[in-house]
Amino acid sequence: MPEGHTLHRLARSQRRQFVGLPIAVSSPQGRFDAMLVDGRVLDSVTAHGKHLFEAFGDRIVHVHLGLFGKYSSGTGDPPEPLGAVRMRWVAESGWGDLRGPTACEVLSPSEVDAIIARLGPDPLRAGSDGGRAFDRIRRSRAPLAGLLMDQRVVAGVGNVYRSEVLFRHRLDPYLPGRALDATAWDGIWSDVVTLMRAGLRSGRIITTDPTDRSRRTGPVRGEDAHYVYRRTGLPCRIDGTPITMQVLAARKLYWCPTCQAA
DNA sequence: TCTGCATGAAAAA
DNA sequence: TTTTCCTGCAGAG
């Protein structure tokens, strides 16, 4: 489930529950060297794109959920660790379990800086400069759909947001970055900011506007939440054309071939 | 029980 | 461009 909004949500949740407290850190699965931070006080938790940084003094746990990583937490006593729990936190405020991350490692401040330095602007961080992303896009021949997923260009956008944003702006996913004009980019960037903030609030990726969904009251159903993502062969919500899917940069890309024609 | 699949990214080639 | 790693779940048999 992890695109940038998931990590910012996780950071907020961990801040509220654990910052300022000593944490008993362990690795029931044994694949994380928990001794390096066990018993230390958690100073801060921050998210940059899809990366999470949990600072215990000058030892910083770097977490990247990858495709499968998940975090669960609760109050009271922690449950018996079922399955592969890479990192477990227990404090007086409750517990938190991390499973299946691509990265879970202790870094120094300079190593953290190096990771942040290679990321593009994060739409969920205050003061992020979308223009920095456009500087890269306008110099690239690569397809827009690939650039949006590239964390050096924009930090935090993943496979759902990229397809959905391209649809919302009726852009051909294969349009070369250099063919995009600045005005179009400004629209995309502000839309990404809006959508990801909504994702941060709700914990879900909902990109459809109410008028484009079937008229229903109540919560957005799963099948209504997206325009194109995972809708291969289903009719486009705007013009009814079957949605197309093609693998681009090792990930499935979805689009409407008529709404998003070149 | 087995298979395939998933909102990711790095290393190898 | 392909391979590899991370884990859990749904659906098929």
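Order of the sequence lines fixes the chain letters, A, B, ..., with proteins taken first and strands second; residue numbering starts at 1 for each chain.
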K.L.:
Describe, in one word, how the ring planes of A:W255 and A:Y174 are oriented to each other, choosing from parallel (under 30°), tilted (30 to 60°) and perpendicular (over 60°).
P.N.:
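A:W255 vs A:Y174 ring planes: perpendicular.
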K.L.:
Are any of A:K70's side-chain N or O atoms less than 4.0 Å away from OP1 or OP2 of C:dT7?
P.N.:
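Checking C:dT7 against A:K70, no side-chain N or O comes under 4.0 Å of OP1 or OP2.
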K.L.:
Pick out which of A:I188, A:T207, A:L144 makes a side chain to side chain contact (heavy atoms under 4.5 Å, CB included) with A:V165.
P.N.:
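The option that passes is A:I188.
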K.L.:
B:dT7 P sits how many Å from A:R230 CZ, rounded?
P.N.:
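My rounded result for the distance is 6 Å.
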K.L.:
Using distance alone, with no hydrogens and no angle criterion, decide if A:D239 and A:T258 have a side-chain donor and acceptor under 3.5 Å apart.
P.N.:
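The criterion, which ignores hydrogens and geometry beyond distance, is satisfied for A:T258 and A:D239.
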K.L.:
Give the rounded distance in Å between these two atoms: CZ of A:R231 and C1' of B:dA6.
P.N.:
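Those two atoms, CZ and C1', are 19 Å apart.
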K.L.:
For the pair made of CD1 in A:I205 and P in B:dT7, what is the distance, rounded to whole Å?
P.N.:
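A:I205 atom CD1 is separated from B:dT7 atom P by 10 Å.
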K.L.:
Using a heavy-atom cut-off of under 4.0 Å over every strand shown, decide if A:Q29 touches base, sugar-phosphate, or nothing.
P.N.:
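Sugar-phosphate, no base atom in range.
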K.L.:
Using distance only, find each side-chain donor-acceptor pair of residues 59-69 of chain A under 3.5 Å and give its atom names and separation, not counting sequence neighbours.
P.N.:
| unit_1 | atom_1 | unit_2 | atom_2 | d |
| --- | --- | --- | --- | --- |
| A:R59 | NH1 | A:L36 | O | 2.8 |
| A:H62 | ND1 | A:E105 | OE2 | 2.8 |
| A:H62 | NE2 | A:H51 | ND1 | 2.8 |
| A:H64 | ND1 | A:G66 | N | 2.9 |

K.L.:
Determine the interatomic distance between P on B:dT1 and the same-named atom on C:dC6; round to the nearest Å.
P.N.:
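So the two P atoms sit 23 Å from each other.
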K.L.:
Check A:E3 against A:V157 and note the closest heavy-atom contact, atom names and distance.
P.N.:
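Looking at all heavy atoms of both residues, the closest pair is OE1-C, 3.9 Å.
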K.L.:
Ignoring hydrogens, what is the shortest heavy-atom contact between A:H5 and A:L124? Give both atom names and the distance.
P.N.:
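What the structure gives for the nearest pair is CA-CD1, 3.6 Å.
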K.L.:
Counting just side-chain N and O atoms, does A:Y229 come under 4.0 Å of either OP1 or OP2 of B:dT7?
P.N.:
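Checking B:dT7 against A:Y229, a side-chain N or O does come within under 4.0 Å of OP1 or OP2.
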K.L.:
Charged N to carboxylate O below 4.0 Å: is that the case for A:R237 and A:D212?
P.N.:
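Salt bridge absent between A:R237 and A:D212.
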K.L.:
Taking atom P in both B:dA13 and C:dC5, compute the distance separating them and give it to the nearest angstrom.
P.N.:
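Roughly 12 Å separates the two P atoms.
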K.L.:
From CZ of A:R31 over to P of C:dC5, roughly how many Å is that when rounded to an integer?
P.N.:
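Checked: the CZ to P distance equals 10 Å.
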K.L.:
Could you work out the separation of C:dC9 and B:dA9 based on their C1' atoms and round it to a whole Å?
P.N.:
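Pairwise C1' distance, C:dC9 against B:dA9, rounds to 22 Å.
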K.L.:
Indicate yes or no: at least one non-hydrogen side-chain atom of A:F134 is less than 4.5 angstrom from one of A:P121.
P.N.:
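They are not in contact (no side-chain heavy atoms under 4.5 Å apart), so the answer is no.
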K.L.:
Go along nucleotides 8-13 of chain B 5' to 3' and tag each nucleotide: B for a protein heavy atom under 4.0 Å from its base, S when only backbone or sugar atoms are that close, - otherwise.
P.N.:
BSS---
K.L.:
Quick one: the dot-bracket string of DNA chain B, using Watson-Crick and G-U wobble pairs with both distances under 3.5 Å, [ ] for crossing pairs and | for bases paired to another strand.
P.N.:
||||||.|||||.
K.L.:
Has A:R16 got its NZ or CZ under 6.0 Å from the middle of the six-membered ring of A:F18, at an angle within 45 degrees of the ring axis?
P.N.:
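No, a cation-pi geometry is absent between A:R16 and A:F18.
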